[in-house]
2 protein chains.
Amino acid sequence: MASLSDISRHAGVSIATCSRVLNGSAHPVSEATRTRVLQAAEELGYAPSALARALVTRSSRIIGVIVGDIVDPYFAEIARGVEAAAAGLGYLTMVCSAELGSEAELGHLHQLRDYHAAGIVFAGSGRAGDPSAPDVAVAVREARERGTVVVALAQRDFDAPAIVFDNEAAAHDITAYVKGLGHERVTFVEGPAGLHTSAQRLAGFTRAGGIDSIPGGFAYEDGIEAASRLLERDALPQALIAANDEAAIGLLTRLRDAGVDVPGDVAVAGIDDTRPAHFVGLTTVSVPLHEMGRRAAQAVLDQQAEDVLLPHALAIRTTT
Amino acid sequence: MASLSDISRHAGVSIATCSRVLNGSAHPVSEATRTRVLQAAEELGYAPSALARALVTRSSRIIGVIVGDIVDPYFAEIARGVEAAAAGLGYLTMVCSAELGSEAELGHLHQLRDYHAAGIVFAGSGRAGDPSAPDVAVAVREARERGTVVVALAQRDFDAPAIVFDNEAAAHDITAYVKGLGHERVTFVEGPAGLHTSAQRLAGFTRAGGIDSIPGGFAYEDGIEAASRLLERDALPQALIAANDEAAIGLLTRLRDAGVDVPGDVAVAGIDDTRPAHFVGLTTVSVPLHEMGRRAAQAVLDQQAEDVLLPHALAIRTTT
DNA sequence: TTGTAAGCGTTATCAG
DNA sequence: CTGATAACGCTTACAA
């Protein structure tokens, strides 16, 4: 409630001097007045207005993370990585959840730009034919012109540095592994239609010699649904690879409910190695989510980012 | 990049008039000048400074949600509820993750206060003997004085309206249900030491006639660990109730790994009914997480909140 | 209907 | 070392 001018009056010192001691500027201030100011601030319960400060310095200490769905452990892990690097340095990490390629995503982006965020991290993938993509690209450019550092953690359709792992290779590697186990007929349950990430993962599956694939999604329910359709076929494939862990777990659940033995009758694998994968012992591909978040935050703090490609690794468990 | 004064100059209209048309004020403006301004804004790519606006109106359109751990599905569900109600109304939901009762929590609170957040939602429980509790209470008071709406979604040690469910009753009900199944010897795996929520849930277990309880926590790993200790005993109890779902799933996983049949040899139940509980078919108590978040956001929008107690319900699945 | 001007709480540039 | 004072970009009485 108390402002600098209150402190100034209370301590009988100019407002400029108060500002200098209260924000630790390099400008010299005598020890005597310093303590006077500090005491006044203490007595009046001074709390600086981050708003006013940001207005004049032209940059707030806010890092925005735009995710597709906050309950998705994939994004949660990224957000946690950002938070870990930003916390303690006075930066506020704000996670904004918006369906990929939606109006809401554009809205969040605008808000972040309007608040002069120090950084904006796009955790999710872009999608083909996204009608708001041009607007997003414009807003991203405007934000960058304002000095905001923008980082993409998956393929997007605008100009910004990307800190990613190789989705195509990840899908390829898990497919190759599963085939190496001797499974000939392996089918892929695709990610959400249109998402670049989905396309990349499908491409990796194909490159590893995979043929059969069916529509799916990234949610648990999508896996359930896909498994139900599979169960209606004459015969099940020998192995199933889902575009991500959540869907893989959906597959697993539905299959076991139907009395199918996993991995006895059919092997199941996912991609991402999120927390729930541990719970159910899912074979998957471990990708550097936390590290991507951490690096993105670091880029914001450093005020500069560059393209980075991070490694992934197979995580073999009990479903294959 | 363009500001109101740029538009003003470009359109040959006063800055006040520009402000009036660009933010849809009630003040009348002729159709002619309105279009002039709109066009200038369009050409220059005007984006308002939310910072400046917030500074003068003394309130930003930011809703901060302080959670214990963003990867915890309990909090994710709450955050999503807040987001759902706030989105579209121009409010930015920012999720800040900080260990309950930590310095970081205080730091986030300060930041939110300094940004004149419209609302601050505490998703997690307070903890006994928290050294920063007095500071938190002060910052909460200051924030409220500034007009920020503060809401607690669990028991806290400061003065603010609470939107909660009955933790004690939830624990009581699941315990009673399990005992009603004929299990005499049921042990409770406690939540994190010190958390009010932990104490409430343990109290509910006790009131329902439960005797045996062992230390645990709210994380998956805590469940794993607790199960390991249980496995070292001469005999397993007939049923296990964990303080939350994550821990219950840890229990379940470790037990089944050890060849124990659940629910054949021992029944397992949790509390919260978070997403992973569906994955593994866990019997648990469904609590109104999403609704709590939604109502908290609504309270912020309404600029007023009051205490609310929401209902819970048993969710019987396959682990009992 | 339009414009003028006084802030909002800081920071930063100059002079003392 | 200390103090005026001009921004920062916007909202809002109060005038015209």
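Chain letters run A, B, ... following the sequence lines, proteins first and then strands; every chain starts at 1.
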TODO: Verify the distance criterion only: is there a donor paired with an acceptor across the side chains of Asp130(B) and Ser132(B) at less than 3.5 Å?
DONE: yes
If you compare every side-chain N and O of Ser30(A) against the phosphate oxygens of dT2(D) (OP1, OP2), does one of them come in below 4.0 Å?
yes
Here the distance between atom P of dT1(C) and atom CZ of Arg36(B), to the nearest Å, is 16 Å
Sorted by position of nearest nucleotide on DNA chain D, 5' first, the leading residue of Ala50(B) and Arg20(B) is Ala50(B)
(Q) Could you tell me if the side chain of Val164(A) sits less than 4.5 Å from the side chain of Gln155(A), heavy atoms only? (A) no
Any donor-acceptor pair, under 3.5 Å, between the side chain of Arg58(A) and the base of dG9(D), if you only look at N and O atoms? no
message: Just N and O in the side chain of Ser14(B): are any of them under 4.0 Å from OP1 or OP2 of dT2(C)?
response: no
Among dC10(D), dG9(C), dG3(D), the one nearest any side-chain atom of Ser3(A) is dG9(C)
Regarding Val56(B), tell me which of base, sugar-phosphate or nothing describes its non-hydrogen contacts under 4.0 Å with the strands shown. base
In whole angstroms, the gap separating C1' of dG9(C) from CZ of Arg53(B) amounts to 18 Å
Q) Are Thr17(A) and dC1(D) close enough that a side-chain N or O sits under 4.0 Å from OP1 or OP2? A) no
When Ala32(B) and Thr57(A) are each assigned the nearest nucleotide of DNA chain C, the 5'-most assignment goes to Ala32(B)
Between CG of Leu51(A) and P of dT11(C) the distance, given in whole Å, is 13 Å
Atom CG of Leu4(B) and atom P of dT4(C) are separated, to the nearest Å, by 15 Å
If you go through the side-chain atoms of His27(B), does one of them form a donor-acceptor pair with the base of dT1(C) closer than 3.5 Å?
no
Would a 4.5 Å heavy-atom cut-off, applied to side chains only, mark Leu112(B) and Cys96(B) as touching?
-> yes
Does Ser49(B) make a side-chain N or O approach to OP1 or OP2 of dC10(D) shorter than 4.0 Å? no
Any side-chain N or O of Ser5(B) below 4.0 angstrom from OP1/OP2 of dC10(D)?
no
Strictly by modelled atom types, are His196(B) and Asp157(B) linked by a side-chain donor-acceptor pair under 3.5 Å?
yes
To the nearest angstrom, the CG-P distance between Leu55(A) and dT11(D) comes to 12 Å
On DNA chain C, more 5' by nearest nucleotide between Ala16(B) and Arg146(B) is Ala16(B)
Give a yes or no on this: more than 12 heavy atoms of other residues, nucleotides or ligands lie within 6.0 Å of atom CD of Glu103(A). no
To the nearest 0.5 Å, atom OH of Tyr74(B) lies from atom CG of Leu153(B) at 7.0 Å
Whole-Å distance, His116(A) NE2 to dT10(C) C1', equals 15 Å
Is there a side-chain contact between Asn23(B) and the phosphate of dC10(D), meaning an N or O under 4.0 Å from OP1 or OP2? no
Atom CZ of Arg61(B) and atom P of dC10(D) are separated, to the nearest Å, by 16 Å
| request: Under 4.0 Å between any heavy atoms, over every strand shown, what does Ser25(A) touch: base, sugar-phosphate, or nothing? Just pick one. | output: nothing
Original post:
With respect to the phosphate group of dG9(D), does any side-chain polar atom (N or O) of Tyr115(A) fall under 4.0 Å of OP1 or OP2?
Top reply: no
Rounded to whole Å, CD1 of Ile15(B) lies from P of dT1(C) at a distance of 21 Å
